[in-house]
Structure formats: structure tokens, C-alpha cells
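Below is one structure, written out as C-alpha cells; comments come after it.
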Number of protein chains: 2
Amino acid sequence: MHTALLTKASSSALPSLDLNIPPLRPYADASTPSVGSVRSFAKDEEIFGEGDRAAFVYKVLSGVVRTSKLLSDGRRQIDAFHLTGDIFGIEAGEEHRFCAEAVGDCMVILYRRTHLASSVGKDAQLVQDMTTGMMRSLVRAQNHMLLLGRKSAVEKIATFLLDMAERTADDDALDLPMSRTDIADHLGLTIETVSRSFTQLERQGIIELPSARHVVLANRAALERLNT
Amino acid sequence: MHTALLTKASSSALPSLDLNIPPLRPYADASTPSVGSVRSFAKDEEIFGEGDRAAFVYKVLSGVVRTSKLLSDGRRQIDAFHLTGDIFGIEAGEEHRFCAEAVGDCMVILYRRTHLASSVGKDAQLVQDMTTGMMRSLVRAQNHMLLLGRKSAVEKIATFLLDMAERTADDDALDLPMSRTDIADHLGLTIETVSRSFTQLERQGIIELPSARHVVLANRAALERLNT
DNA sequence: CGGACTTTTGAAGGACATCAAAATCTGTGG
DNA sequence: CCACAGATTTTGATGTCCTTCAAAAGTCCG
């Protein structure tokens, strides 16, 4: 029975080697296997801290989560914002190397790591999700290194807006769930520079800012040009 | 036999879920399974280009490889240097999103990707290596984002030196295989700033520079302090 | 309406980039 | 072994993008 399950897993594609990311992000829904437990977090509440024992892997059901690292003097780098359906908190070692916090009120599902490791094959979809999540994190991190290392402030904002739009928006209107401080710590800037870059893009007619957190991509082509 | 191999694999830890990085990096040696073919590359020779079909996964047998991304105007970000034993070129999609070049003369082993995907279980060690390689890349990328986004030039150099020392050196002497240009493009700086930062660390007695590419970590504690 | 928080704007400063040139290293051929 | 040409690295002078410090404007929610 043990071997049978494993054989079944390998007959389609062994999780660890199916490196192809499915074209559509799997939606978080009620049909998610019951191996996980659901928790909700209030705005700015900590989901796990840097150095915490990594007992779970997490998936966002609703809301937005940020994962970040801190230097001893308080400088912060947000490595990613996780939207609905995104998996976060996958770790190689025993402890979390990031902290995770709720950007706004949110719900997440927790999968116990030991459970994952010991009952392989019981939920091939979940295992696939983990691999996909890891691969997706890697791709995002690699693109983000180019942004952090080599792009100007305005280019960073342009890339960020296009990415958020792609992940959340159907049209060219976009609601930013996070503060300027969060954006700054994600892009390696200060809040003032973030604000000034938004203003500059607005003055150039590339975006509209009906309110601070509502962005309209008025000239997507110009944004794409800043993204190259 | 097929199932037997899989069972064997799972008895210790199934590749896709054993996220723990083995404490010691596996050494590249002659006993590496024969499924790969070996190629050598001259200094600065391209191993694969951005956009190339990702037909292989690679492992460094000797020398150093850099993987990098380019912006349209030539700005470059080196995401990682790969030393002996490191795996690189793992992709989620059909094509390489980086280019890979030999930093100096080097040898790499190529594993055909289709071969990996279709003959799973034939080489559990290799499968484990792939997963480990992916996980290791993710960890490195995440640490590097903090460096790129939030560290000063001197802090970047300090972190870089400590990392290289950890990966290559037994004692406090260190031979840098790459140029100042490569270091600059890895750390998001210019060659002039890299050079000035080296000089500053030397003046402070934290490192010694008998020659440009030979570094002695004279005061490791001070370096660690810059690394926090 | 009022107070706290977030965002924007302004002025000044600093860290890193750019431009330029000197110094050093590397390899090759005499 | 030395000379020399090219490449790499270092150093200097200046410029600029982003940060820092400060304050005004806008937003949220009781």
C-alpha cells in the first residue's frame, strides 16, 4: 500500500521533478483538502516570527501577507507580498528565516509540516502545490534581485505596479492593499521616494491616483517601457 | 523494481518533501551517476543564454559559473556565483530566464531535463540534488534581496567576503575567482565603489589585500559586525 | 468635528555613480 | 629575464539620485 501510493504519485509526475508551473494559479477554495486548519489574523498581526520553529506551511485564503527580514538596526526588507492562493513559509531548515505578518485582516490555512512529510501521497495536489510554491518563490526572488540591484526608483515602482496589476486586477484599475512603508521596504526605497515616484508617474500621465491606494494604469505601454 | 526504488527513496525521505538541506554539500566527483555528460568551458564562454530552451540542468565540477540577467540597456545583475558542486540552470518553464557564463575555465556536468522527468527513481541521489539545489537557490536569493535592498556598500562587501570565505576557504585567506565588475554586478554597485569599499576595509585593518584578488580576513569579528 | 495616522511636498545632505586618469597586473614575444 | 601592450584595479574630482529631516496636506474613524 505504501509503495502503491508512491507508484501512483510517480505515474503522472513526481512532484519534485515536475518543475512546470501550472498556467493558472490554483484558487483557494472550500474544496481544499482537510489536512490543514484555518486561522484568521488581524491587520499587522504576526503569523510567524524570524527564528520561530517552522512547524507549518501556509496558504493565503483571503487578504494579503508580507514576509520580511530585519537587520539588527531595524532596516527591513519585505521579500514578497502573498495574495490569495499563494503559499508561504516553506523552509529548508528547522526554523523560519522570515517573519510573516498580515498586511490587512486575512485568513490563512496551515499545513503541518510533519504531516506533509510523513503522509506523502495522500494528497498529491498539496504536494504539487508545495513544489509549485517553492518554484514560484524562486522565480519571484530572482526577478526581484534585478529590480533591487539595478533599477531606478521610478522603474521599481513601474515594475511593482505592473506586477500587482497582473496578480490582482482585471482592468487597469488597481487597489494597493499595503502602505507606502511596505512598498518602500519591498523595493529598497524610502516612503518619500516611493511617494515622489508615484507623483512623477502621475504628472507624466502614466498613472492616475484618485486616492493614495487606488491606482489607474493610464498608459500601460509607458509603464512597460520602464520595465525593460 | 520500479516500486522498489521508490520505496527505497521514501524510506529515508521523499525528495520533494525532504526540504532539509544536507549539512555538507555533496562533492562533485567521478562517482557522479553517468546520466550526465561533461563539458568544459573557457573563461567568459556562454554556457546558456537568457531565452535559450532549458534542455539541461547543470552542476559545476570545477571552476566558477555566474548566472545573470540583463536589462535592455545593458545593466546586469548577477544573481549568483556557482562553485564546485553547485547546481544551476533549474527552470520552471521551457526556457532559461538567466544566462550562464564561465567566470574562469571550468567544467560542468549536464543532466538532460526530459531524462530527469521521465526516468524518475532511477537516480534518487540526483533527484535529491535537484530539490536541494532549488531550495539552496531560494535561500541564497532571499538573503541576497536583503543585501541588495537594505545594505550599504561596505556592508555588501563584508557579507560577500564572509559568504565566499564560508564556501571556499579553510582559513582566513581567500582567492576571489571573479573580477571587480562581476562583484559589482552581483552586489548592485559599480566597480569603483567596490574598489573603494575594499580599500576602506583594508585601511581599517579588517582585511588585507596582498593582491586585488587575494583577500585575508584579518578581523573576522569586525566583518561579522558589518554583516548583521 | 477632532485627533492620530498616512501620504505628500520641500529643503538640504550624503552615499554612490560617473567621468577621468594613474597605477598595477597579466601575458606574450623578443 | 625583461619589455611592452592591454586589461584590470585603484584613486581623484565632480555630479546626481536618493535619503534625511521637517512640515503641510490628506485620510480614517471614533
Side-chain angles (χ1 to χ4, degrees), chain A residues 42-44 66 71 73-77 103-105 147-161 174-204 207-215 226, chain B residues 42-44 64 66 71 73-78 103-105 147-161 174-204 207-215 226:
Chain A
K43 178 171 147 67
D44 291 329
R66 62 175 175 256
L71 291 174
D73 63 358
R75 279 174 290 175
R76 183 176 71 151
Q77 177 65 42
V103 168
D105 296 353
L147 177 148
L148 291 171
R150 287 303 182 210
K151 291 189 183 178
S152 71
V154 171
E155 289 172 334
K156 286 177 177 180
I157 296 292
T159 302
F160 174 70
L161 289 177
L174 178 59
D175 271 305
L176 298 176
M178 72 291 286
S179 68
R180 294 292 189 260
T181 302
D182 281 349
I183 296 174
D185 284 348
H186 184 46
L187 303 182
L189 299 169
T190 60
I191 55 172
E192 295 94 333
T193 300
V194 169
S195 180
R196 276 185 255 267
S197 301
F198 271 110
T199 305
Q200 182 183 330
L201 289 172
E202 189 185 28
R203 270 197 304 259
Q204 295 175 213
I207 63 172
E208 290 161 29
L209 283 171
S211 77
R213 302 222 179 170
H214 194 81
V215 185
L226 288 170
Chain B
K43 178 170 147 65
D44 292 329
V64 178
R66 62 175 176 255
L71 291 174
D73 62 358
R75 280 175 288 176
R76 182 177 70 150
Q77 177 65 41
I78 294 177
V103 168
D105 296 353
L147 176 149
L148 291 171
R150 287 303 182 210
K151 291 189 183 178
S152 71
V154 171
E155 289 171 335
K156 286 176 178 181
I157 297 292
T159 302
F160 174 70
L161 288 177
L174 179 58
D175 271 306
L176 298 176
M178 73 291 286
S179 69
R180 295 292 189 260
T181 302
D182 281 350
I183 296 174
D185 285 347
H186 184 47
L187 303 182
L189 299 169
T190 60
I191 55 172
E192 294 94 333
T193 299
V194 169
S195 179
R196 275 185 254 266
S197 301
F198 271 110
T199 304
Q200 182 183 328
L201 289 173
E202 189 184 28
R203 271 197 303 259
Q204 295 174 213
I207 63 171
E208 289 161 29
L209 283 171
S211 77
R213 304 224 179 167
H214 194 80
V215 184
L226 287 170

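Quick note on labels: first sequence line is chain A, next is B, and so on, each numbered from 1.
Using a distance-only test at 3.5 Å, with no hydrogens or angles considered, no donor-acceptor pair links the side chain of A/E208 to the main chain of A/V215. A donor-acceptor distance shorter than 3.5 angstrom exists from the side chain of A/R150 to the backbone of B/L189, with no hydrogens or angles considered. The main-chain N or O of A/I191 is never found under 3.5 Å from a side-chain atom of A/R196 such that the two would form a donor-acceptor pair.
The side chain to side chain contact (heavy atoms under 4.5 Å, CB included) search around A/S179 returns A/T181, A/D182, A/R213, not counting sequence neighbours. The salt bridge (charged side-chain N to carboxylate O under 4.0 Å, His left out) check on A/R180 picks up nothing, with sequence neighbours excluded. Residues forming a salt bridge (charged side-chain N to carboxylate O under 4.0 Å, His left out) with B/E155 (at least two apart in sequence, or on another chain): A/R75. The side-chain hydrogen bond (donor to acceptor under 3.5 Å, both in side chains) test applied to B/Q200 returns B/Q204, not counting sequence neighbours. In this structure B/T193 satisfies the side-chain hydrogen bond (donor to acceptor under 3.5 Å, both in side chains) test together with B/T190, sequence neighbours excluded. Listed by chain and number, the residues in a salt bridge (charged side-chain N to carboxylate O under 4.0 Å, His left out) with A/D175 amount to none (sequence neighbours excluded). Residues passing the side-chain hydrogen bond (donor to acceptor under 3.5 Å, both in side chains) test with A/D105, sequence neighbours excluded: none.
Nucleotides of DNA chain C lying under 4.0 Å from heavy atoms of chain B occupy a range whose first and last members, 5' to 3', are C/dC16 to C/dC19.
Nucleotide D/dC28 holds its P atom 13 Å from the NE2 atom of A/H214, rounded to whole Å. The distance from atom CZ of B/R203 to atom P of D/dT10 is 12 Å, rounded to the nearest whole Å.
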Open item on the list: For a quick check, with a 4.0 angstrom heavy-atom cut-off, what is the B/S/- contact string for nucleotides 15-24 of chain D, read 5' to 3'?
Closed with: ---SBBB---

Tabulate atom names and distances for all N/O pairs under 3.5 angstrom spanning the protein and nucleotides 5-9 of chain D.
residue: D/dT9; atom: OP1; partner: B/R213; partner atom: NE; Å: 3.0
residue: D/dT9; atom: OP1; partner: B/R213; partner atom: NH2; Å: 3.2
residue: D/dT9; atom: OP2; partner: B/R180; partner atom: N; Å: 3.1

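Nucleic acid contact class of B/T199 (heavy atoms, under 4.0 Å, all strands): sugar-phosphate only.
Contact record, A/L148 with A/G188: CD2-N, 3.9 Å, taken as the closest heavy-atom pair.
Under 3.5 Å, the side chains of A/K151 and A/T159 contain a donor-acceptor pair of N or O atoms.
Looking at heavy atoms from C-beta onward, B/R66 lies in side-chain contact with B/D44 at the 4.5 angstrom threshold.
Comparing the helix axis at one end of the helix from C/dC1-D/dG30 to C/dG30-D/dC1 with that at the other, each defined from 5 consecutive pairs, gives an inter-axis angle of 40° (nearest 10°).
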